[in-house]
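Report on the structure given below.
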Amino acid sequence: MELILPDRAYYESYLDAIGEYALNHVAACPFLDAAAYDIFERINDYRFGVNLPLGYVSATYLWLVDDGNFIGEISIRHSLTDALLRYGGNIGYGVRFSEWNRGAGTKMLSLALAYAKKELGLKKVLITCDDDNIGSARVIEKNGGVLENRVKNTIDGAEVMMRRYWIDIA
Ligand SMILES: CC(C)(COP(=O)(O)OP(=O)(O)OC[C@H]1O[C@@H](n2cnc3c(N)ncnc32)[C@H](O)[C@@H]1OP(=O)(O)O)[C@@H](O)C(=O)NCCC(=O)NCCS
């Protein structure tokens, strides 16, 4: 398994991964909306901080791949705004449904933390997850996440309790 900059060679596999979420009725697909826009353009825009919506910061997207298959996506936001400090954090990720519970999420975050330190010069990162997202909380904790607190956020009109973890990577 390796963590790479997104590559068109994996696009078909990426589309399959989006399809797996729909097939398994998982409401929130964590991947980019390939049906709505050119994901490679979007990924480049984020990487270089161009054409971003107001208030958005630049971010590097990375893909976990294995043996020709797309396994998961992780994005590293290069800085934090007030909103990101409260609920978005520095890092977001998702693993394709068929690969859940096999260690991919833990591995992907570990490789991304090394990338964030070496390539982006980050010294500590904030990662948030819903309080009831046990899998994501485990992934963060297994990578050294220290829980700062739980905060209640209103997202799309619904109240959500979220955990805020910091990971020191200096
Ligand atoms: C959260 C997610 C990334 C976890 O990825 P994964 O590849 O399944 O994680 P791992 O296999 O590395 O599992 C890490 C630990 O979490 C546990 N775990 C994973 N999913 C779990 C679940 N649904 N419920 C309880 N525990 C879970 C694993 O058993 C493992 O536990 P262990 O440390 O005791 O062995 C994946 O479920 C996913 O993509 N979910 C949808 C998107 C999402 O929630 N992203 C995170 C947003 S904050």
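Order of appearance sets the numbers: ligands from 1, and atoms from 1 within every ligand.
Proximity of Lys142 to ligand 1, defined as any heavy-atom pair under 4.0 Å, is confined to the side chain (atoms from C-beta onward). Only the side chain of Asn133 comes within 4.0 Å of ligand 1, judged by heavy-atom distances. Only side-chain heavy atoms of Tyr21 come within less than 4.0 Å of ligand 1; its backbone N, CA, C and O stay farther off.
Interatomic distance, Glu2 CD to Leu111 CG, rounded to the nearest 0.5 Å: 9.5 Å. Atom CH2 of residue Trp63 and atom CG of residue Leu3 lie 12.0 Å apart, to the nearest 0.5 angstrom.
By the definition of a contact as any protein heavy atom under 4.0 Å away, atom 3 (C) of ligand 1 is in contact.
Of all atoms in ligand 1, numbered sequentially from 1 with element shown, those under 4.0 Å from a heavy atom of Arg138 are 15 (C), 16 (O), 31 (O), 32 (P), 33 (O), 34 (O). Those atoms of ligand 1 with a heavy atom of Thr106 less than 4.0 angstrom away are 10 (P), 12 (O), 14 (C).
Nearest non-hydrogen protein atom to atom 45 (N) of ligand 1 is Tyr93 O, 2.8 Å. The nearest protein atom to atom 39 (O) of ligand 1, hydrogens excluded, is given as Val95 N, 2.7 Å; this is a heavy-atom distance. Scanning the protein heavy atoms around atom 36 (C) of ligand 1, the nearest turns out to be Trp100 NE1, 3.5 Å. At the top of the distance list for atom 7 (O) of ligand 1, counting protein heavy atoms only, stands Gly105 N, 2.8 Å.
Comparing Asn101, Ile127, Asp132 by heavy-atom distance to atom 6 (P) of ligand 1, the nearest is Asn101.
In terms of polar-atom proximity, Gly103 is counted as a contact of ligand 1, with an N or O under 3.5 Å from an N or O of the ligand. Checked by distance only, ligand 1 and Cys129 stay at 3.5 Å or farther apart across all their nitrogen or oxygen atoms.
At most 12 heavy atoms of other shown residues, nucleotides or ligands fall within 6.0 angstrom of atom CG in Asp82.
In this structure, Tyr14 and Tyr11 have parallel ring planes: the angle between them is below the 30° cut-off, well short of the 60° mark.
In this structure, Thr128 is part of the shell of residues with a heavy atom less than 4.0 angstrom from ligand 1.
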Applying salt bridge (charged side-chain N to carboxylate O under 4.0 Å, His left out) to Lys124 and Asp168, what does each step give before you reach the verdict? CA-CA 4 Å; Lys124 60 177 187 168; Asp168 197 333; over 6 Å; no
